[in-house]
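When reading the values below, keep in mind they use all heavy atoms of this one structure, side chains included, and skip hydrogens, waters and symmetry mates. Below, chains carry the letters A, B, ... as their sequence lines are ordered, and counting in each starts from 1. Quick caveat, the model's predicted, so the values are computed rather than measured.
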Amino acid sequence: METGRYTAAGPDAWRREPTGAMRVPIIIYADREQLRAMDDKVDEQLEHVAGLPGIVNAAYAMPDAHWGYGFPIGGVAAFDADAGGVVSAGGVGFDISCGVRTMLTGVHADEIRSRQRLLADRLAREIPAGVGSRGFLHLKPRELDEMLAGGARWAVGRGYGVKRDLERIEERGCMAGAEPEWVSERAKKRQQDEVGTLGSGNHYLEVQEVVEIFAADAARAFGLRCGDAVVTLHCGSRGLGHQIGTEFLREMATAAGRHGIVLPDRELACVPVQSETGRRYLGAMAAAVNCALANRQVLTHLVRGVFAELLPAAEPDLLYDVSHNTCKKETHLVDGHERQLHVHRKGATRSFGPKHSSLPPELHDHGQPVLIGGTMGTSSYILAGLGGPVERAFSSACHGAGRTMSRRQACKRWRGRAVMDELERRGIIVRGASFKGLAEEAPGAYKDIDGVVAAAETAGLARRVARVTPLICIKG
DNA sequence: ATGTGC
């Protein structure tokens with residue numbers, strides 16, 4: 001990226017003052033090298049976001065930011081509905097409420113190693129993965145509406161998990177404001193057999209080992225000990241979220257002009273929060289969030305089934321579940337005044353600090369767990385939200401490593417089979433839905449996760465609690 | 001991300 005217009009605005013924070021149609025500055029959290037290596041498109045897309053009506057404070061990017069559809073992945077922007085603020089389907093992304101969930105197993109990683117291949121094969125058999133994969137649930141229209149209204153709470157009510165799980169999920173497992181009637185029949189039809197499926201692309205299920213602790217107090221509260229095995233899954237709202245995103249992007253592109261919004265890029269389609277389309281999108285989006293929460297809950301049930309059979313000493317217990325593609329109405333302090341804002345996080349994780357009212361009592365003093373997924377060959381991280389007097393990017397942090405190479409480029413450079421063999425030599429058993437998928441997801445196609453997380457910490461977005469490395473990876 | 005394009 002051409003960095004000439006950016007000036008240092010704190011540790012690993014960079015600021016570009018508004019020019020032209022920009023209403024607010026741009027703030028990018030990254031170290032100097034990450035900023036330099038960032039795609040020019042991130043700057044261009046943030047410039048467009050900064051010009052949208054009702055935007056508050058700044059258009060933000062996280063250290064893992066890269067070019068996305070209309071709005072960068074790793075981008076955060078908040079809008080004030082009372083000041084003409086907008087909601088953008090591209091600002092949420094196609095995979096609505098794509099997110100990460102980590103479970104503690106309570107067993108040592110050596111227990112996993114003693115039956116690693118068997119566990120990998122059984123997980124691969126029980127967890128439906130890949131494009132078009134179907135689950136064991138086949139929902140009738142009424143059940144599907146109940147799932148969209150109830151999220152993980154619906155799943156627990158059906159016996160897929162326990163009430164305690166719900167305390168460890170954002171929104172306590174069910175996002176308010178879901179309006180299943182505003183979800184198209186087509187979107188519902190695509191989802192009827194897809195609850196409890198992983199999907200494809202960068203979605204995965206991993207069994208990991210805790211290898212490093214950075215903050216002993218928070219690690220203790222989170223239940224993380226060096227040498228322990230944890231299970232992490234990364235997936236979203238499957239066909240339903242994608243269908244909603246597609247339909248509303250089209251509708252918003254047409255409707256934006258009627259509301260006097262000039263779009264510098266058609267992909268950045270948006271409408272006022274207080275418009276008919278805006279309200280319908282937010283109701284449908286909340287339903288998709290619930291779909292993703294139900295999906296991760298049903299997958300958790302499948303994981304528990306496999307562990308109960310092969311490693312009965314393990315009792316997978318939910319640490320936390322975070323979404324990183326959302327638009328949420330939240331209260332934030334802006335210039336000393338509390339304001340209700342619609343915060344878009346696209347490829348960015350919420351990172352509420354200690355004492356936030358949404359946290360369960362046992363996490364109250366330590367902040368929200370922030371789950372950062374790496375690649376199948378590198379570390380992943382568990383951080384904690386910071387809060388404090390200065391809230392950065394409306395309490396947000398990065399979500400992963402971020403790609404440096406397109407899927408097409410990665411396919412040219414690596415063979416899926418060789419990627420899998422190399423990882424196995426390093427003690428990581430990989431089971432993928434396709435070899436092409438494994439090539440696309442080669443660890444070398446991503447930024448350095450250690451550097452991304454270090455920058456997030458230096459910038460004050462969240463603090464590191466633990467690092468984990470993969471033992472088993474089931475790849476979609 | 002995605003019944004991998006509309």
Pairing residues for A:Arg392 by the side-chain contact (heavy atoms from CB on, under 4.5 Å) criterion, not counting sequence neighbours: A:Tyr29, A:Val390, A:Leu461
Calculate the interatomic distance between A:Glu440 atom CD and B:dT2 atom P; express it in whole Å. 12 Å
With no hydrogens and no angle check, just 3.5 Å: does a side-chain donor-acceptor pair link A:Arg238 and A:Ser200? no
Would you mind reading off the distance between A:Phe94 atom CZ and B:dT2 atom P, rounded to a whole angstrom? 12 Å
Rounded to the Å, how far apart are A:Asn295 CG and B:dT2 C1'? 14 Å
note: A:Lys189, atom NZ; B:dT2, atom C1'; distance rounded to Å ~ 17 Å
When we call it a touch if two heavy atoms are under 4.0 Å apart, what does A:Gly245 touch: a base, just sugar-phosphate, or nothing? nothing
First of A:Arg407 and A:Lys436 reached from the 5' end of DNA chain B, by closest nucleotide: A:Arg407
Side-chain H-bond candidate by donor/acceptor type, A:His332 with A:Glu391, under 3.5 Å: yes
A:Glu247 has an atom CD; how far is it from atom P of B:dC6, in whole Å? 12 Å
A:Arg134 atom CZ is separated from B:dT2 atom P, nearest whole Å, by 15 Å
Sugar-phosphate, base or nothing in reach of A:Gln191, heavy atoms under 4.0 Å: nothing
N/O donor to acceptor pairs below 3.5 angstrom from side-chain atoms of residues 54-76 of chain A, sequence neighbours left out:
| residue | atom | partner | partner atom | Å |
| --- | --- | --- | --- | --- |
| A:Asp64 | OD2 | A:His399 | N | 3.0 |
| A:Asp64 | OD2 | A:His399 | ND1 | 2.6 |
| A:Asp64 | OD2 | A:Gly400 | N | 3.1 |

At under 4.0 Å between heavy atoms, what does A:Gly236 touch on the DNA or RNA strands: base, sugar-phosphate, or nothing? nothing
Whole-Å distance, A:Gln243 CD to B:dG5 C1', equals 13 Å
Using atom NE2 of A:His242 as one end and atom P of B:dT4 as the other, report the distance to the nearest whole Å. 9 Å
With a 4.0 Å cutoff (strictly under), does any side-chain N or O of A:Ser200 reach OP1 or OP2 of B:dT2? yes
